[in-house]
Amino acid sequence: MWRFGFVMWAGWQMVRWGAVCALVLWLVYLWQGFNGAFVLAVLTAIGGLAGLRVTLRSLYQRESAERR
């Protein structure tokens with residue numbers, strides 16, 4: 001049950017921060033259109049979401065190892 005709860009929580013974190021990134025990208029696009037700032041924002045969003053995924057995965061592995 002713990003694993004299911006953790007996976008649901010981690011999924012919620014990805015959705016929540018993905019929505020924040022999408023909102024920021026939408027605002028940058030409306031403000032300046034498709035230019036260098038938008039591309040930089042896209043790369044930053046991808047990097048941030050990838051970092052969040054790596055962090056959540058390592059947290060899951062560490063917590064799983066401690067529960068055994």
### Query
What pairs with Leu23 under side chain to side chain contact (heavy atoms under 4.5 Å, CB included), at least two apart in sequence or on another chain?
Trp26, Leu27
### Task
Supply the atom-to-atom distance Met14 CE to Trp9 CH2, rounded to the nearest 0.5 angstrom.
11.5 Å
Identify every side-chain donor-acceptor pair in residues 39-55 under 3.5 Å, counting partners at least two apart or on other chains, and give the distances.
residue: Thr44; atom: OG1; partner: Leu40; partner atom: O; Å: 2.8
residue: Thr55; atom: OG1; partner: Gly51; partner atom: O; Å: 2.8

### Query
Looking at residues at least two apart in the chain, or sitting in another chain, which of them share a ring-ring contact (aromatic ring centres under 6.0 Å, His included) with Phe38?
Tyr29, Phe34
### Task
Mind checking the CZ-SG spacing from Arg16 to Cys21? Nearest 0.5 Å is all I need.
11.5 Å
